[in-house]
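Beneath this line is the structure, given in structure tokens, with notes to follow.
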Amino acid sequence: AGTVMAQSISDIDGKGKITIGVLTGIPPYDTVDSSGNTDGFLVDLARDVAQNLKVQLELVPVNNASRAAALESGRVDMLIAHMTATPERAKLFLMTNPYGAYDMRFVAKKSMALTKIDDLANKRVSVPKGSTQDVAVSNLGVEGLEVVRFDDDALAMQALISGQVDATAAVATVADDVIRKRNLADLEVKTEVPLFTLYWSMAVRKDATQLHQWLNNFIYYEEVSGRLGALHEKWVGVPIPGGKLPTF
Amino acid sequence: MAYQMHFGPVLDRAPEFVDGTINTILLSGQGIVIGLAIGLAVAIIRVEGPRWLDQIAVAYIEIIRNTPLLVQVFLFFFGLPYIGLRLSADTSAIIAISFNLGAYSAEIFRAGFLAIPKSQIEAGLALGLTRLQTIRYVVIVPALKVVFPALTGQLTLTLLGSSVVCAISANELTLAASKVESLTFRSLETFLVAGAIYVTLTFVFRFTYWLISLWLFHRKDPARFQIAGALPHGQERVEA
Amino acid sequence: MIQSFGFSSLPILLHGALWTLILSASTFVAAGIFSLIFALLRVLGPRPVRLLIAGYIELVQATPLLILLFLAYYGLSFLGYYFPPLAAAVISLTLYATAFLADIWRGCIEAIPKQQWEAADALAMSTPQKLRYVILPQAFRISLGPTVGFLVQIVKNTSVTALISFVELTRAGQLLNNMTFQPFEVFLTVAAMYFIICYPLSYYSEYLQGGKRARSST
Amino acid sequence: MPAVQLNNIKKCYGALCVLDGINLSVEPRDVVAVIGQSGSGKSTMLRCINGLEQIQGGSIDIVGHRIEPGTHSLRSLRKEVGMVFQSYNLFPHLNVAENIMLAPRVVKNVPKQEAWETAQMVLKQVGLADKVGAYPDELSGGQQQRVAIARSLAMKPKVMLFDEVTSALDPQLTGEVLKTIAELAAAGMTMILVTHEMGFARQVANRTVFMYKGQIWEEGRSEDLFAAPKTPELRSFIAPNLK
Amino acid sequence: MPAVQLNNIKKCYGALCVLDGINLSVEPRDVVAVIGQSGSGKSTMLRCINGLEQIQGGSIDIVGHRIEPGTHSLRSLRKEVGMVFQSYNLFPHLNVAENIMLAPRVVKNVPKQEAWETAQMVLKQVGLADKVGAYPDELSGGQQQRVAIARSLAMKPKVMLFDEVTSALDPQLTGEVLKTIAELAAAGMTMILVTHEMGFARQVANRTVFMYKGQIWEEGRSEDLFAAPKTPELRSFIAPNLK
Ligand SMILES: Nc1ncnc2c1ncn2[C@@H]1O[C@H](COP(=O)(O)OP(=O)(O)OP(=O)(O)O)[C@@H](O)[C@H]1O
Ligand SMILES: Nc1ncnc2c1ncn2[C@@H]1O[C@H](COP(=O)(O)OP(=O)(O)OP(=O)(O)O)[C@@H](O)[C@H]1O
Ligand SMILES: [Mg+2]
Ligand SMILES: [Mg+2]
């Protein structure tokens with residue numbers, strides 16, 4: 001073991017390898033084969049990063065709760081982990097320009113009226129622990145809303161399906177997929193109350209400015225070359241929501 | 001070391017830790033009380049009960065002891081709704097912990113019962129006590145004394161094991177720690193603090209068990225007993 | 001993509017179960033080596049070493065595996081040591097298992113009567129010879145039952161490595177659940193698989209301990 | 001009416017019948033000594049009388065209760081029949097007073113105050129009034145055995161059964177316990193006592209029963225039986241004790 | 001030159017000195033019996049002689065080795081001094097042959113064949129040649145003790161120490177073991193034996209040492225000592241044994 005923290009492109013070149021943490025276990029963005037290996041949108045992106053840097057790729061699966069620690073500790077060189085660039089996170093990591101997005105929506109029973117945020121008063125809403133939904137829903141400021149946290153998106157959704165919560169904050173595409181395939185006729189994605197559209201950034205450590213700049217460039221090129229859209233279509237079946245990706 | 005520790009932001013979240021700690025105490029406390037009750041009942045069934053009931057008890061014990069608590073927690077929380085039983089995360093957690101401890105403590109209690117000579121039980125019966133009264137007054141305390149170290153060891157495992165129920169969002173210390181971690185991104189510091197709290201809790205619980213053992217097994221001072229007991233017979237003492 | 005739980009899902013779980021076995025076996029071997037050393041030092045070592053080991057055992061036994069795993073996995077990274085998940089998982093589990101196994105084995109060594117040591121002493125045997133030929137063979141017999149019993153705990157405890165996304169049986173179950181949204185079926189199958197792995201071990205452990213009791217009573 | 005009447009009782013373990021048609025009648029205030037070789041069934045008979053063992057045939061009438069094969073609820077019977085064992089069987093976690101008060105309190109619901117007074121009384125009876133707060137392991141074997149007798153007495157039994165209560169004791173301690181039993185006999189308690197102390201049987205028991213291979217082989221007034229044993233088995237059994 | 005020489009040795013546990021200035025000289029082929037009350041320090045003295053206990057003062061010269069306070073490496077000494085304990089201490093996981101061959105093989109690197117022959121020889125010496133393959137728990141106490149003696153003999157010791165080797169045995173088994181020891185004495189082995197068997201001490205030991213409160217109170221030729229004890233302590237100690 002024991003490699004130095006790679007901070008610059010030449011560090012990575014020197015190692016001949018880049019270690020990327022990717023979020024796993026969120027169909028349809030990814031899937032697991034019978035040997036437990038993940039493949040999916042984020043994995044393909046990570047492959048492209050390594051390929052363009054002309055180094056080998058080491059993938060490290062992470063979850064919402066562990067991804068920050070993985071990056072901070074040097075366990076990984078960068079994260080492609082559905083991370084949204086909040087100002088708070090930006091204080092700790094360098095966040096790249098977004099490489100994708102999803103529409104975050106509330107999912108709930110058809111019978112539950114949800115046309116405005118205040119309808120969530122005194123309701124239990126499940127979110128993945130430490131995720132952007134967690135932060136967003138926790139900060140809604142609705143009276144009596146209880147946030148119930150789970151290890152990942154699937155368990156949060158599962159809590160709704162088994163009736164343990166009244167609603168969940170989920171990715172619209174994922175939720176649609178689940179509702180259709182599992183025949184959950186009594187559930188629906190509540191479109192009247194858009195939670196938000198979340199854009200995902202890659203993250204590197206604070207002092208890895210060179211890598212950060214390179215990744216911005218990489219994302220720009222992947223988008224304009226149509227590669228990014230193609231990958232999203234391949235895994236999710238629809239284009240990236242929200243049209244042209246923002247930059248900052 | 002490249003990494004600089006910053007406990008400040010983590011310690012600012014002290015209320016969350018306090019909450020989590022209280023919840024962990026409540027959760028494992030309830031789990032322990034219910035679990036021990038289950039364990040005692042199952043042990044009595046195993047020693048005294050009819051054969052068919054004994055076999056059910058054995059099946060229960062073996063299933064629990066040979067599957068991980070985490071999986072049991074999942075089954076109680078996500079599985080039971082499918083047979084129409086919807087329990088909150090906290091309730092599911094308490095039930096899962098109780099059933100888990102029940103299986104382990106049943107075997108411990110049983111070992112204690114078997115360590116009590118049969119002649120003690122016969123002495124109880126010969127005095128006209130029922131079997132249950134015999135167990136209650138003659139068997140339990142000496143049996144408990146035999147197995148007390150094993151039992152408290154198991155209770156410590158239960159306290160620490162309660163950390164896995166954060167997987168179903170039951171409110172307890174590890175969940176609180178995850179929350180703090182996601183808010184502060186100071187993972188190492190957060191889990192160091194949580195670890196320290198668990199270690200402290202463990203020692204506090206052990207101290208409590210020690211106090212309980214004093215109360216249960218410590219002999220009353222014979223001299224004091226005589227005075228207290230003889231109190232209504234003041235005249236007798238004067239006479240003597 | 002969302003799928004249904006069925007026979008096609010079994011390979012994922014079986015693969016996870018295989019990793020659970022590999023993880024358990026590696027942990028057992030590593031913890032076994034350390035535990036033997038620790039148990040011996042705990043009995044025979046100089047006082048500071050004995051205290052140090054006792055402290056380690058107390059501390060680790062008072063910390064949840066989950067927290068320990070997290071601290072070991074990321075803590076080591078913070079110190080600049082990066083291990084692949086399997087190695088990291090084995091290291092953390094070993095840290096944990098050693099604290100219990102060393103304690104079990106110490107008890108077994110201490111269960112050998114002092115007179116056995118003295119008899120070996122009087123025969124001019126050196127300390128390693130006493131251990132090798134007189135004490136450890138006897139301690140080994142006593143320890144067999146509890147050790148196999150603890151193996152069951154190791155197998156079950158590997159489930160927490162799901163937290164660091166190590167795909168063993170429990171994590172495989174979680175991933176499968178994410179794909180199928182059929183938790184009851186998935187986790188019941190997972191539980192059954194653990195049972196199939198653990199029950200024979202439990203049974204054997206009980207047999208070993210029961211067998212011993214039967215022998216000593218005759 | 002006899003206090004205890006055994007009518008042709010049988011007790012078998014599988015094919016082996018360790019009690020094979022026992023008839024015995026014990027009048028109130030009788031003291032019956034039961035003697036016989038090891039394995040002849042003495043303990044088993046006693047255990048059948050207060051229902052610790054199920055019988056397979058015959059019946060037992062005892063202070064107004066009847067035990068037959070299959071009889072189960074024996075608690076009301078046991079309230080009136082005391083039993084003292086060879087191995088004392090005091091409860092180690094309770095002190096002397098608690099040992100004695102337990103059964104009256106939980107079985108008979110005697111108020112605490114009354115149970116306490118009874119305890120003191122029976123302890124005085126066995127000569128251990130000063131040990132009321134001691135724990136069993138702080139007492140000698142003989143003292144423990146006398147506490148066990150006191151514990152039985154506290155239930156105010158109509159009949160008492162003693163199973164070789166002195167065989168675990170050395171000669172000096174044996175003396176203490178036998179003295180206690182002799183006093184009980186003098187006070188008119190109905191008793192059946194299995195014993196290996198021939199001298200004691202002869203002096204204290206008005207009747208003696210000799211068991212042999214699961215049967216009552218010979219019985220009669222103690223003086224007669226010891227002075228003129230009729231069967232060769234009894235003769236050879238008591239021979240070494242007489243010289 | 002004496003085989004064993006104790007020069008004013010002291011052995012203390014904290015303030016309590018259980019050996020308080022012991023002087024003793026044992027010539028080759030001497031058989032020395034050590035007698036004395038329980039707690040007088042007999043075992044402790046033996047244990048000091050082969051270094052199982054550290055001494056706090058004085059020195060011990062034994063078959064060319066010297067033990068002083070703080071002496072640590074005693075292995076070469078122990079190769080030449082055998083010790084047999086009250087509780088046999090056979091290794092339960094090894095059979096008789098393995099018990100006997102273990103120390104010669106691992107301590108002295110004796111080849112297997114030779115160790116095997118020695119084992120058979122010493123077993124014959126203690127009269128157990130037929131038990132070579134048995135495990136300790138298959139042997140009677142007396143047989144186990146004789147195997148323990150054989151195990152010591154297999155190291156070909158120059159001096160043997162025996163600590164109440166018969167006190168856990170009943171009289172018949174005691175006889176077997178004492179016979180073995182007497183044969184060893186006759187063959188010229190230098191021995192120190194702590195014993196409660198006065199008759200045996202008198203017959204087999206040429207010298208007897210009486211210990212009292214951590215000191216050698218009286219010593220001399222066995223006949224003289226038993227026939228005419230000088231101190232009142234020895235007189236009252238051996239009195240009950242002589243009648
Ligand atoms: N549970 C049992 N199963 C089979 N046989 C039994 C059982 N209990 C007792 N016995 C047999 O019943 C016979 C009578 O035993 P019991 O204890 O009544 O003899 P005893 O006259 O009291 O002898 P002792 O003087 O040794 O106490 C013995 O042969 C004994 O082996
Ligand atoms: N480890 C110890 N710590 C303190 N005192 C001890 C220790 N070992 C022995 N003693 C004391 O040393 C004294 C001598 O003991 P030792 O065993 O030598 O007596 P002994 O003559 O062999 O008696 P016995 O005939 O009962 O075997 C006793 O008073 C004993 O209590
Ligand atoms: Mg009997
Ligand atoms: Mg001694």
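Hydrogens, waters and symmetry mates are skipped; everything else that's a heavy atom, side chains included, is used. This is a predicted model, so every value here is computed, not measured. Residue numbers begin at 1 in each chain, while the letters A, B, ... track the order of the sequences.
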Check whether R78(E) reaches the backbone of A122(C) with its side chain - one donor and one acceptor, N or O, closer than 3.5 Å. no

Does CZ in F195(C) sit with more than 12 non-hydrogen atoms of other residues, nucleotides or ligands closer than 6.0 Å? yes

Would you mind telling me which of N50(E), V81(E), L77(E), L90(E) has the largest number of heavy-atom pairs within less than 4.5 Å of chain C? L90(E)

Examine distances only and state if a side-chain atom of H93(E) and a backbone atom of I135(C) form a donor-acceptor pair shorter than 3.5 Å. no

Matching residue for Y133(C) among L102(E), L94(E), V107(E) - test: side chain to side chain contact (heavy atoms under 4.5 Å, CB included): L102(E)

Restricting to non-hydrogen atoms, name the atom on R151(E) and the atom on A119(C) that form the minimum distance, rounded to 0.1 Å. NH2-CB, 3.7 Å

Considering only heavy atoms, which portion of V84(E) lies under 4.5 Å from any heavy atom of chain C: side chain, backbone, both, or neither? neither

Choice from R47(E), K108(E), M155(E) maximising heavy atom contacts with chain C below 4.5 Å: R47(E)

Can you tell which part of F91(E) gets under 4.5 Å to a heavy atom of chain C, answering side chain, backbone, both or neither? both

Might you confirm whether atom OH of Y56(C) has over 12 heavy atoms from other residues, nucleotides or ligands at distances under 6.0 Å? yes

Is there a donor-acceptor pair closer than 3.5 Å between any side-chain N or O of Q115(C) and the backbone N or O of S87(E)? no

Is R66(E) atom CZ crowded by more than 12 heavy atoms from other residues, nucleotides or ligands, each under 6.0 Å away? yes

Contact origin within Q129(C) toward chain E - heavy atom pairs under 4.5 Å: side chain

Spacing of L123(C) atom CG and M83(E) atom CE [to the nearest 0.5 Å]: 11.5 Å

